[in-house]
Amino acid sequence: MNSLEQQLTTLAKAAVKALYGLDATDAQIQLQKTRPEFEGNITLVVFPFVKLARKAPQAVGDEIGNWLLVNGEGLVAKFNAVQGFLNLSISDAFWVNQLQAIDADETYGRFERPSEKAFPFREGEGVGSPLMMVEYSSPNTNKPLHLGHVRNNLLGYSIAKIQEANGWKVVKTNIVNDRGIHICKSMLAWLKFGNGETPESSGKKGDHLIGDYYVRFDKEYKAQIAELMAAGKDEETAKREAPLMLEAQEMLRKWEANDPEVRALWAKMNEWVYAGFDETYKRMGVSFDKIYYESNTYLEGKSEVEKGLASGAFYRREDGSVWADLTKDGLDEKLLLRSDGTSVYMTQDIGTAKLRFQDYPIDKMVYVVGNEQEYHFKVLSILLDRLGFPFGKELVHFSYGMVELPNGKMKSREGTVVDADDLMDKMVADAREISKDKVHTLRSFPEGDKNTLQGITEAEADEIARKVGLGALKYFILKVDPRKNMLFNPAESIDFNGNTGPFIQYTYARIQSVLRKSYSPKDGLAAERSYSEAVLQPSGRSLEDKELALIQRLTEYPAAVRTAGEDFSPAVICNYAYALACDFNSFYHDLSILNEPDESKRALRLLLARNVAKVLQSAMALLGIEMPERM
RNA sequence: GGUCCGGUAGCUCAGCUGGAUAGAGCAACAGCCUUCUAAGCUGUGGGUCUCGGGUUCGAAUCCCGACCGGAUCACCA
């Protein structure tokens, strides 16, 4: 809640008390932004007092409005009441003060401590920021990253940034699923059909190379199944008895038995994949503070399960498998160790959790994982709790929706996946193409104008295209409510106009251009210095509507950061940034900044522009989107 | 079948702790570059907020029930 709302809440309570003798609760003081079709900035809903005041809504509105005008300490400049809505116009002096406060605040939109609502389970002890660990990405090492991973990575990174802004110390982590039958399939196919191919020999990225052999395995495996079925076997049997599958399983056993040859091959191929992933992550702009590998954590999980067995939290069946009975929690029974003693996904997650809490004083653990695993995390939460881990109950599964294609889900085997590297390539190439067109259509600027794209080097143009292309992609994905499934149509390219990342980047670039010009010899460096001083003397004039609307929008930024943090929603930041950019473009269109003759007005507008740029950049940084200085 | 999530304009999505005549973008159409970057601005058309009940001054928003779509309920991850 910003200070305006706090002040008005206090005033409104006093008004209701003075006029009707009522002690209003916070919930009864409903303030909302005034709709644009009415005059005013902020609106008090008077319905909650109508019944007790025993008067018509209109009369109540007028009475409270008058009271605020007289007793509002100059905050309320005027008002109008329409039906049950009291629209208040706040004084220009207040808004100008707000703008100056924002300008002076180097960390505007960042908080020292998490809000009450988001505060951790551990009793507030000592000072400093509580620690949140955010797990995201978590790839398998048998195929390259696709669009589904892109959504995960962007959400995970953005959530980490947003929570940092909300006062958490954040550790970004990744659990790499580097072992299991899927890896063995790729290894086996490579051994059989690879002819020693390496990333160096073929020029392929390591993750793509491994992915190709994973696909190859599937193809050969299917052929074997068909063969066996043609020979009279039923499908079940054929799948089970296909030689390739038997070999893959044998390889997995050898891996678990530490067979030196299998381990060496596994290590080599994983290195290829990691090199490929690193490149993709770097390009995407995401990073991790600590990486865990499943091959290092699954044994820890097993031993935790053994402990749980000893303590009676779990039980063993006759065939040797270990289970947790969750029927008391309204769930099923859950397998933790197979009858042959090998571990499952859940076992590994228990081990990973344990290691993490050994490594860090975690107050809150967040898993960025798709919504198809909701059941898994519900179970994990209960199991960790049963094993005596204090964080178990409080873990957060940040469950996000699938990315769907027009004909349904992406399926690796059907070749309908949208590859992450290809997609980024295309976005950047599109951005480069579009910017070429722009340069040709800019008729109104002289050749070599440094504030347009003319006269810049190829390398600079490439860098701009990189920022814009990735900005378009990231915004496209992050603007959708994370909980919802979203649709991506590969046949339609992602927009660069309208409610998009480039729109916001463009707004920023325009402002930078204005600011650069404001420092030109013509205006003198005095322009910079005169911002604050000139603004302080508004020479009795009143703010333009569009100036006021922009300032008001700027004051809403901290609330947007709060909400985004509490709701785990980068989309909230997108919506805010878009609204701010819209407001600025409208202002920019109607009012001149540098050509404004009145020094005080010019200074205010420059101050406004500079802070819009600051907030846009801050907001986009929370989304992992970089801003170009010109475009 | 049980549980969870979703259904808003032709398309993609906001709005959902109840508030004024439900908003953007794309697509379509019509305007605006001698003036700070036209990736922009302005305007037109486009809606039974899936359907039916309920709660109340007021429901896209909350409750109940249908219908439709998705996810999940593995000795997969």
Side-chain angles (χ1 to χ4, degrees), chain A residues 27 30 32 34-35 37-38 43 45 47-48 50-51 57 82-85 87 138 140 177 180-182 294 317 319-323 330-332 334-340 342 344-346 348-349 370-376 378 399 401-402 404 408-409 431 434-435 437-438 441-445 449 451-454 468 472 476 479-481 483-489 492 494-507 509-518 571-572 574-575 578-579 581-582 584-586 588-596 605-606 609 630-631:
Chain A
Q30 295 177 39
Q32 57 192 54
T34 304
R35 292 188 144 245
E37 59 266 35
F38 300 97
T43 296
V45 182
F47 286 111
V50 165
K51 210 176 270 177
V82 182
Q83 293 165 21
F85 301 91
N87 303 316
S138 308
N140 289 347
N177 301 305
I181 191 75
H182 49 290
E294 188 185 303
R317 286 188 183 169
D319 63 3
S321 57
V322 177
W323 296 75
L331 301 173
D332 250 329
K334 188 75 189 173
L335 177 86
L336 297 175
L337 287 176
R338 296 190 186 97
S339 49
D340 65 2
T342 58
V344 293
Y345 185 40
M346 188 64 74
Q348 295 144 20
D349 259 351
N371 61 12
E372 76 261 351
Q373 293 193 31
E374 275 170 11
Y375 183 75
H376 173 81
K378 206 174 279 180
S399 164
M402 302 286 94
E404 291 170 324
K409 266 186 84 168
I434 290 168
S435 85
D437 292 346
K438 298 297 171 196
T441 54
L442 280 171
R443 303 194 298 273
S444 56
F445 301 100
D449 184 337
N451 278 298
T452 70
L453 287 180
Q454 296 183 31
V468 173
F476 174 80
K479 78 171 172 178
V480 179
D481 182 341
R483 291 184 301 272
K484 291 188 179 177
N485 287 354
M486 64 177 290
L487 188 116
F488 175 80
N489 187 348
E492 296 169 10
I494 292 174
D495 260 305
F496 287 78
N497 297 318
N499 186 358
T500 65
F503 171 87
I504 294 163
Q505 291 171 317
Y506 178 70
T507 307
R510 277 175 139 182
I511 296 173
Q512 293 310 308
S513 173
V514 171
L515 293 179
R516 279 192 298 272
K517 287 185 176 172
S518 79
V572 169
C574 289
N575 291 340
Y578 178 62
C582 283
F584 180 82
N585 282 317
S586 174
Y588 179 88
H589 181 265
D590 289 4
L591 303 169
S592 186
I593 301 170
L594 298 177
N595 298 324
E596 168 57 49
R605 287 175 194 168
L606 275 168
R630 64 195 71 198
M631 65 187 276

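What you see is a predicted model, and the numbers here were worked out from it, not measured in a lab. Side chains are part of it too, since the values below use all heavy atoms of this structure and drop only hydrogens, waters and symmetry mates. So that the names make sense, note that chain A is the first sequence line, chain B the second, and so on, each numbered from 1.
The separation between Q373(A) atom CD and A74(B) atom C1' is 13 Å, rounded to whole Å. One interatomic measurement links the two molecules: CG of L594(A) to C1' of U35(B), which rounds to 11 Å at whole-angstrom precision. Distance, R516(A) CZ to U37(B) P: 8 Å, rounded to whole Å. Between I494(A) atom CD1 and G25(B) atom P the separation is 19 Å, expressed in whole Å. A straight line from CD of E492(A) to P of U12(B) spans 9 Å, rounded to a whole angstrom. What separates CG of N499(A) from C1' of C11(B) is a distance of 15 Å, to the nearest Å. Rounded to whole Å, atom P of A24(B) lies 14 Å from atom CG of N575(A). Look at NE2 on H589(A): it is 12 Å from C1' on U35(B), rounded to the nearest Å.
Both distances falling under 3.5 Å, in either a Watson-Crick or a G-U wobble arrangement, place C4(B) opposite G70(B). Nucleotide G10(B) forms a Watson-Crick or G-U wobble pair with C26(B), both donor-acceptor distances falling under 3.5 Å. In this structure G65(B) sits in a base pair with C51(B), meeting the Watson-Crick or G-U test at under 3.5 Å.
Here F47(A) lies parallel enough and close enough to stack on the base of G19(B), with planes under 30° and ring centres under 5.5 Å apart. Residue ring and base: F38(A) counts as stacked with A20(B) (centre distance below 5.5 Å, interplanar angle below 30°).
Of all heavy-atom pairs spanning N485(A) and M402(A), the tightest one is OD1-N, 2.8 Å.
With G25(B), A38(B), U42(B) as the candidates, the nucleotide lying closest to the side chain of R510(A) is A38(B). When the nucleotides C36(B), A77(B), A39(B) are ranked by their closest atom to the side chain of E294(A), A77(B) comes out on top. Candidate nucleotides C57(B), A14(B), C36(B) were compared by shortest atom distance to the side chain of S592(A), and C36(B) ranks first. With G25(B), A20(B), G40(B) as the choices, the nucleotide that has an atom nearest any side-chain atom of E37(A) turns out to be A20(B). Candidate nucleotides U37(B), G40(B), A14(B) were compared by shortest atom distance to the side chain of V480(A), and A14(B) ranks first. Here the side chain of N177(A) is nearest to one of A77(B), C36(B), A39(B), namely A77(B). Counting only heavy atoms from C-beta on, N371(A) has its side chain closest to A71(B) among U37(B), C16(B), A71(B).
Checking T34(A) against N140(A), the closest nucleotide of RNA chain B that is more toward the 5' end is the one next to T34(A). Closest-nucleotide positions on RNA chain B for E404(A) and Y588(A) were compared, and the one nearer the 5' end corresponds to Y588(A).
With C1' as the reference atom, C64(B) and A28(B) are 42 Å apart, rounded to whole Å. Of the P atoms belonging to A20(B) and G58(B), the separation is 14 Å, rounded to the nearest Å.
The aromatic rings of Y345(A) and H376(A) sit parallel, their planes meeting at an angle under 30°, below the 60° perpendicular limit.
Side-chain N/O atoms of T500(A) and base N/O atoms of A39(B) include no donor-acceptor pair closer than 3.5 Å. Put simply, the side chain of N87(A) and the base of A20(B) share a donor and an acceptor less than 3.5 Å apart.
Heavy atoms of I593(A) sit under 4.0 angstrom from at least one base atom. Counting non-hydrogen atoms under 4.0 angstrom, S399(A) reaches nothing in the nucleic acid. Residue contacts for V344(A): at a heavy-atom cut-off of 4.0 Å it reaches the sugar-phosphate backbone alone, with no base atom in range. At a threshold of 4.0 angstrom between heavy atoms, the contacts of Y375(A) are confined to the sugar-phosphate backbone, with no base atom among them. Within the 4.0 angstrom heavy-atom criterion, base atoms lie near Q32(A). Residue Y578(A) is classed as a sugar-phosphate contact, given heavy-atom separations below 4.0 Å to backbone atoms only. Base contact: L591(A) has a heavy atom under 4.0 Å from a base atom. Heavy atoms of M486(A) sit under 4.0 angstrom from primed sugar atoms or phosphate atoms, though from no base atom. Among the heavy atoms of the strands lying under 4.0 Å from F85(A) is at least one base atom, whether or not backbone atoms are also near. If you check every strand for non-hydrogen atoms under 4.0 Å, Q30(A) touches a base. Within 4.0 Å (heavy atoms only), D590(A) reaches no atom of the nucleic acid at all. Residue Q83(A) is out of contact with every strand shown, counting any heavy-atom pair closer than 4.0 Å.
Rounded to the nearest 0.5 angstrom, Y506(A) OH and N497(A) CG are separated by 10.5 Å.
Between R483(A) and D481(A) a salt bridge is recorded (basic side-chain N to carboxylate O distance below 4.0 Å).
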